[in-house]
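One structure is given below, encoded as structure tokens.
Bear in mind that the values here come from a model prediction, so they are computed numbers and not experimental data.
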Amino acid sequence: MSGSPSPSAPPPTATRCGSSASTADWKKMRSTTAAVAALLGLLAVPAVTTTAHAASCSAANAALGRPATASSAERGDLDAGKAVDGDPGTRWSSTFSDPQWIQVDLGSTKDICGVGLSWEAAYGKDFTIQASPDGSAWTTLKSVTGGDGGTDSYDVSGEGRYLRVHGTARGTGYGYSLWELTVHTGDGGTGEPLPGGGDLGPNVKVFDPSMPAATVQAQIDQIFQQQEAAQFGTGRYALMFKPGSYDVNVDTGFYTSVHGLGRNPDDVTVKGVSVDAGWFNGNATQNFWRSTENLSIAPYDGTNRWAVSQAAPFRRMHVKGALNLAPSGYGWASGGYIADSKIDGQVGPYSQQQWYTRDSAIGGWINSVWNMTFSGVQGAPATSFPEPRYTTLDTTPISREKPYLYLDGDGYRVFVPSKRTNARGTSWANGSTPGTSVPLTGFYVARPGVTAETLNRALAQGLHLLFTPGIYHLDQTIEVNRADTIVMGLGLATLVPEGGVTAMKVADVDGVKLAGFLIDAGTVNSPTLLEIGRQGTHTDHSANPISLQDVFIRIGGQFAGKATTSLVVHSDDTIIDHTWIWRADHGDGVGWNVNTADYGLRVHGDDVLATGLFVEHFQKYNVEWSGERGRTIFFQNELAYDPPNQAAFMNGSVKGWAAYKVDDSVDVHEGWGMGSYCVFTSDPTIEVDHGFETPVKPGVRFHSLLVVSLGGQGRYNHVINDTGDPAFGTDTIPSMVVSYP
């Protein structure tokens, strides 16, 4: 958004323990053996260790949680990662042929001194243990012939980033199956233990109610003066208020996050947390990248102003008065997002083009422009789309609030709210938000300049990650492989992948929480910037989903970033709660052949829910969804501004690329409150045949759809598939479809 002009089968026989078994008997026997092995693994974890052959060879497992691949997998839940997850009840199993291999990426070159193998009943008889600097040229560290399975440890000597077990002869008629593969290195694989906790750094400003109000206000004003117009600046700040009352107004500029450090919002009170648009002549459509959470506001004049557009969440807030979402002068605005908040008075969006509010309580809502969507909001207006343009769900089907930092006595902790089902109203309406608490000592507190290798060491060591405000350059992918890991940022901490790496990958595990950071694509094209789960793996995470909250992605604007796909979701049950994925339309490094990016979001996982989905300006599909039973509550989009002509913006014989594509294979999908806008600044004659494209099936349903041509610069021929009137002309009138089909 810029300154818009308007508002496989087993062998036939197999022998085990000297007896012959039919195929059916083999299946039964193998299943029983595996179950017993798993049970024994739970009762007494098998110790896979190396002989104490060298004082420098650590017992720490350098392979734990590292990325692993294999030549094959017997089925989807027996993938290579199961052999390095530290769980003796999960395993990798290959298909039933020779040769087969499994390898693990240790993250950097290591002095490898020991390897442990814990075989399942199907084991390798002949195999080699190999190392490689690059995953292609291999050196043999150990050759084994006539192996008999069980648990083995091997002293080896060599260097490599990659460790591979290459099997050439199976010990059974089945495949190769490992409960665990461990790797031991001269530095322990994780180096010296990293400390948890620590100082939050110079750009976290902590205020105490005993400080004079003038002193606090002066510090706030100094930071705001620096950050007010620094849309592509390098400053990052977090302003934190200890419990108490403050006679201050917190003007909030770019890359500034405002936090109350109480357990609940009413533990901290200020007079305002404010955003206006004076820096941009009253136009709020570029008020991005800032946030406020977990405090209350008692406005001087009864109304707090929060005039923002994308990537500016308003979470866990209590406004003891009214809330104005427009800039002074009521210029353009294109927000926004409220969650888990209570506004005692009315919310006035005024010139806001669209807004999404979730799991909150409000005293009323004054008006609508194009798309106002609510789920689980007490006091929200009833659905009346197309006029007024309100879309309201009584509850939010699944939600989990963002983790937040707070003070417990003199120590910092991170509170992790519990998952809610069919939520309505705030999580703190009846007292403290339910959930769990993690001390800051459980986090590696990162500072700018830290290496990706160190971040991965911290994760492998079992620490969570907290990025203090700043910019982090990554020459390796951050690998989040442990269930329930928290990765969160303060002050819009920014991750920049270098050399075309993916910034972060999350394994297909339960309960990972990502929150509060920005990924800024590097100048060498990354195939992806953020990956959730493993391709082709479908695991039920419904009891404890992975969640992304206030995780933003940018391609261009700061510099000429490039990425083929920004966010890929493979894991089932993932919650995407408020994201802005943006291919820049202004700033530096911007152009059709400059900040190249095909896709914003691609969802392959099943049962994925998006609440507050903002994706803009991609060169092909902004959103492409192939997982089953996906749901989106609120979608805001602008198509790319800059295709040079119609020929450059064709999807085969179809004119343009739909903003939101549901693949033809999908049987069940649903969306509510969804809008797409076009403004083709290079060639206003460009047409788009479909704003939305979906298969026509009973289980695929959409509610409250609209498309808009901004100032007549471009044309939509239909809203969804071939349904809906064209949108064109300088009057900027939306074309709407109430329900589809």
Side-chain angles (χ1 to χ4, degrees), residues 203-230 235-262 265-282 284 286-309 312-331 333 335-338 341-350 352 363 469 490-492:
N203 286 0
V204 174
K205 308 299 182 181
V206 180
F207 303 113
D208 188 286
S210 65
M211 299 170 65
T215 300
V216 176
Q217 189 68 65
Q219 291 189 48
I220 293 168
D221 293 347
Q222 181 182 10
I223 292 169
F224 178 67
Q225 183 178 10
Q226 175 183 322
Q227 297 300 114
E228 179 184 12
R236 303 288 188 271
Y237 291 92
L239 310 182
M240 298 193 168
F241 294 83
K242 293 182 179 181
S245 295
Y246 300 79
D247 188 10
V248 297
N249 178 64
V250 189
D251 281 318
T252 309
F254 284 99
Y255 312 109
T256 303
S257 58
V258 182
H259 304 253
L261 288 173
D266 286 332
D267 294 341
V268 175
T269 301
V270 298
K271 291 298 184 180
V273 182
S274 305
V275 180
D276 207 339
W279 74 277
F280 200 43
N281 300 316
Q286 293 184 22
N287 280 351
F288 312 139
W289 302 308
R290 64 200 73 198
S291 67
T292 185
E293 65 179 48
N294 197 37
L295 43 74
S296 64
I297 301 170
Y300 290 113
D301 62 358
T303 300
N304 188 76
R305 187 183 302 277
W306 185 254
V308 298
S309 289
F314 195 86
R315 288 185 180 270
R316 287 183 62 82
M317 298 291 291
H318 182 191
V319 180
K320 300 175 180 179
L323 183 62
N324 186 332
L325 302 178
S328 55
Y330 299 92
Y337 176 90
I338 294 171
S341 293
K342 181 181 180 184
I343 295 92
D344 294 345
Q346 286 190 318
V347 180
Y350 302 107
Q352 278 287 354
L490 303 175
L492 276 294

Quick check: does any side chain N or O of E228 sit under 3.5 Å from a backbone N or O of G253, one acting as donor and the other as acceptor? no

Those residues that, when tested against R316, pass salt bridge (Lys or Arg N to Asp or Glu O under 4.0 Å) (two or more places apart): D340

Output all residues satisfying salt bridge (Lys or Arg N to Asp or Glu O under 4.0 Å) with R305, sequence neighbours left out; order by chain, then residue number. D276

Any donor-acceptor N/O pair, Q352 side chain to V308 backbone, under 3.5 Å: yes

Ignoring hydrogens and geometry, is there a side-chain-to-backbone donor-acceptor pair from T215 to A213 under 3.5 Å? no

Considering only distance and modelled atom types, tabulate donor-acceptor pairs under 3.5 Å from the side chains of residues 237-246, sequence neighbours left out.
{"unit_1": "Y237", "atom_1": "OH", "unit_2": "Q226", "atom_2": "OE1", "d": "3.3"}
{"unit_1": "Y237", "atom_1": "OH", "unit_2": "Q226", "atom_2": "NE2", "d": "3.1"}
{"unit_1": "Y246", "atom_1": "OH", "unit_2": "F207", "atom_2": "O", "d": "3.0"}
{"unit_1": "Y246", "atom_1": "OH", "unit_2": "K242", "atom_2": "N", "d": "3.2"}
{"unit_1": "Y246", "atom_1": "OH", "unit_2": "K242", "atom_2": "O", "d": "2.8"}

Test applied, side chain to side chain contact (heavy atoms under 4.5 Å, CB included); reference residue, L295; option that passes from L261, T269, V273: V273

Would you say D208 and V206 make side-chain contact, with heavy atoms under 4.5 Å? no

State whether F254 and R290 meet the cation-pi test: NZ (Lys) or CZ (Arg) under 6.0 Å from the six-membered ring centroid, and within 45° of the perpendicular axis. yes

For atom NZ of K205, decide whether the heavy atoms of other residues, nucleotides or ligands shown that lie under 6.0 angstrom number more than 12. yes

Do M211 and Q219 come within less than 4.5 Å of each other through their side chains, counting heavy atoms only? yes

With a 4.5 Å limit on heavy-atom distance, are the side chains of W306 and V319 in contact? no

Which heavy atom of I220 sits nearest to which heavy atom of V248, and what is that distance? CD1-CG2, 4.1 Å

Taking the side chain as everything from C-beta on, heavy atoms only, tell me whether D344 gets closer than 4.5 Å to H318. yes

Has the side chain of Q217 got a donor or acceptor atom that lies under 3.5 Å from a matching backbone atom of N249? yes

Stepwise side-chain contact (heavy atoms from CB on, under 4.5 Å) check, V270 with V258: CA-CA 11 Å; V270 298; V258 182; over 6 Å; no

